[in-house]
Amino acid sequence: MRRPRVFRRKGHVVAVAVLLALGACATQPYAPPPDAPGFFLGLVHGFLSWFALIAHIFNAEIRVYAFPNAGGWYDFGFLLGLSAWGGVAAAASD
């Protein structure tokens, strides 16, 4: 048995309303400044993150993560630099 057209249209209206409500929350990120840290500084910051974390405990002006940064490439470099500690720990355990 088919549902009446009225119910099908209401479903479409509800779906569009939900999508518009979710889309209203979206914002555009600010453009990073031209001198923002990129991939290579992210790599260095990731490798030095443990030292920066210890220094941050004693001095709140020292940050572990650079802000503003260049976005995805900085994040990728930071992750690679941070994962280098896992390789160092694995090599030390052998």
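Counting begins at 1 with the first residue of the sequence.
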Task: Nearest heavy-atom neighbours spanning V64 and F78 - done: O-CE1, 3.6 Å
TODO: Determine the minimum heavy-atom distance between P37 and P68, stating which atoms define it.
DONE: CD-O, 3.2 Å
Open item on the list: For R63, is there any backbone N or O sitting under 3.5 Å from a side-chain donor or acceptor partner on H56?
Closed with: no
Task: Exam field: side chain Y74 to backbone A66, donor-acceptor pair closer than 3.5 Å - done: yes
Applying a strict under-4.5 Å side-chain criterion to I, L, V, M, F, W and Y, I'd like to know whether [X] and [Y] cluster together.
X: W50; Y: V44; result: yes
X: L80; Y: L41; result: no
X: L82; Y: F51; result: yes

Task: F39 CZ: over 12 foreign heavy atoms closer than 6.0 Å - done: yes
- [ ] Quick one: pull up CG in L79 and CG in L43 and give me the separation to the nearest 0.5 Å.
- [x] 10.5 Å
